[in-house]
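Notes for the one structure printed next.
Letters A, B, ... mirror the listed sequences (proteins, then strands); counts begin at 1. As the structure is a prediction and not an experimental result, all values here were calculated from the model.
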Protein chains: 2
Amino acid sequence: MIDEETARERVVSTADRLFYAHGVQAVGMDTVRTEAGVSLKRIYALFPSKDDLVLAVLRRRTHQWDTGVTGAVSRAGTPRDQVLAVFDFLAEWFLEDAFRGCAFINVFGELGGDSDRIAAAVREQKASFQRRVTELVHEAGCPGHLAPQLVLLAEGAQTTAAISRDPGTAAHARAAADTLIRHALGDFQGPGVSGT
Amino acid sequence: MIDEETARERVVSTADRLFYAHGVQAVGMDTVRTEAGVSLKRIYALFPSKDDLVLAVLRRRTHQWDTGVTGAVSRAGTPRDQVLAVFDFLAEWFLEDAFRGCAFINVFGELGGDSDRIAAAVREQKASFQRRVTELVHEAGCPGHLAPQLVLLAEGAQTTAAISRDPGTAAHARAAADTLIRHALGDFQGPGVSGT
DNA sequence: TAGAGTAGAGAACGATGGTTCTCTGCGCAA
DNA sequence: TTGCGCAGAGAACCATCGTTCTCTACTCTA
C-alpha cells in the first residue's frame, strides 16, 4: 500500500490538474479517484469533503506561487529588477500549455459566492501577494501606492492572457509596470534611459 | 399569457442574476423557472439548452457593458477624461451590493475550459472592449501600446475589487491609468500639473 | 496456518442536474 | 356549444453528483 503522504500528494496534484482544467464542479470525485489511483475511501479519509480537497489544492497552489515568485525575484539583480521579475515569472507561466488563468480567481468565480471558506482562502492568497509586492516596492525605494497598481497589472495580465490566449500579454504588463516604477522613482526622462 | 419578448427578458435577467451570484452550475433550471415565473417548457422553447441560456446572458451583459461604457465616456469632457471615464464607470459598478467581479471572467473560469462557444463569447467581449479602449486612446492622441496596458488595469481592478471587496481598488486603477496616460503623452512633469 | 485488521474496488444511496412528457384547463373558430 | 390547439404546472426520466457501505482479499502476527 502506498504511503499516506504519497497518496495525499497524488490526490491533491490530480485534483489540482483536473479542477484547473475543467472547473471544480465539472470534475467528479470518481474521476479524481480514477486518475489519482487512490480509492474513494482513502480520499475521504484524507479530506472530509470535496470542499476540503479544494482548500488543499488552493494551499498547494499558494505554496507553488510563493516559491515561483521567490525564485524569480532571487534571480533578479537590482531591487527594481526584482519588482519586474514578478512579471517575468508571469510571462513564463503564460507559455505553459495548461495555462488557464489564475486558479484562485477561477475558483472564486465558481464557488466564492456560496462558500465562505473558499472565498477566504482566495482572499488571503491575494492579500499575501499584495504584501509581497509591497515589500519589493519598498526595497526598490518606491512609494507604497505603487504596489496595488502593480498588483492590478499582474491580476489583469493573468485573466487577459487566459482569455485572449496571447502570451504577449505579459510583455504589456511588464512595460506598464516599468513605466509606473520609473514614474514613482521620479525618473521622468522617459524610456531609453538605463535605470541601474 | 405573457408576451414572448417579456418572457425572454424575464428568463435572461433572472438567469443573469442567479448565475452571477452563485455560478452557473450551482443554479438549476428549476430555480430559474421558479424565480422567473416562466415554465420550463417555455424556457426550453426559447433556449434549446442551458448553454444557450448562458450565451444569451452573456450577450445581454455585453450590451449592458457597452451601454455603460458609452454613457460614462459621453459624460466626460476631454478625450483624456474619456479614457479615464472607463475607470469611473468601474468605480460606480464596484459599489453595487451584487458586485462579484466580471461575469465574463467568472463564466470563462467555470465553463471556458470545456465549452468552446462560451469561451469564444467571452473572448469576443474582451476583444471588443480592447478595441473600444484603443479607439479612445487614439482619440486622446496617445500611442497605441497604451490601450492593452489600460485594459490590464481594468481587468485587474475587476477581479481584485471582487475578491478584496475594497471599492478603493478602482481609484488605484484610475491613478495608474492616469500615470500611464501622462507618460504616453510625453507629459513628464509628474502629478500636480493640470493637463486639461 | 489461522485469524484479525485493513485497504481497495466499486456498488449503493439519496439528492439533484438538465431535459422531456403528461395532463389539465383555457381561449377561440365555426 | 363543441372541438381543437396551445400554455402552464410539475411529474417523470435518466444521468451524475458527493458520500457511504459492503465485500473481497491481502498482510502481518502468534
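Distance CE (B/Met29) to P (C/dT20): 10 Å, rounded to an integer number of Å. Taking atom CG of A/Asp52 as the reference point, atom C1' of D/dG18 lies 13 Å away to the nearest angstrom. The nearest whole Å value for the distance from the NZ atom in A/Lys50 to the P atom in D/dC17 is 8 Å. In this structure, the CD atom of A/Gln25 is 16 Å from the C1' atom of D/dT19, given to the nearest Å. Following rounding to the nearest Å, A/Leu46 (CG) and C/dA7 (P) show an atom-to-atom distance of 11 Å. B/Asp30 has its CG atom 11 Å from the C1' atom of D/dA11, to the nearest Å. In this structure, B/Ile43 places its CD1 atom 13 Å from C1' of D/dG10, rounding to the nearest Å. The CZ atom of B/Phe19 sits 11 Å away from the C1' atom of C/dG18 (whole-angstrom rounding).
Using a 4.0 Å heavy-atom distance criterion, B/Val27 is classed as a sugar-phosphate-only contact.
Within 3.5 Å, a donor on the side chain of B/Lys41 pairs with an acceptor on the base of D/dG8, or the reverse. Judged by distance alone with a 3.5 Å cut-off, a donor-acceptor contact links the side chain of B/Arg33 to the base of D/dG10.
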Next on the checklist: Determine whether B/Trp93 and B/Phe87 satisfy the following criterion, ring-ring contact (aromatic ring centres under 6.0 Å, His included), listing intermediate values before the conclusion.
Outcome noted: CA-CA 10 Å; B/Trp93 182 31; B/Phe87 295 91; over 10 Å; no
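A donor atom on one side chain and an acceptor atom on the other are found under 3.5 Å apart for B/Thr70 and B/Arg132. In summary, the side chains of A/Ser13 and A/Asp16 do not present any donor paired with an acceptor at a separation below 3.5 Å, with no hydrogens or angles considered.
For the pair B/Leu40 and B/Ala26, nearest-nucleotide mapping onto DNA chain C gives the more 5' position to B/Ala26.
A salt bridge does not link B/Arg75 with B/Asp88: every distance from a Lys NZ or Arg NE/NH1/NH2 to an Asp or Glu carboxylate oxygen is 4.0 Å or more.
If you check D/dG8, C/dT19, D/dC17 against the side chain of B/Arg42, the one that comes closest is D/dG8.
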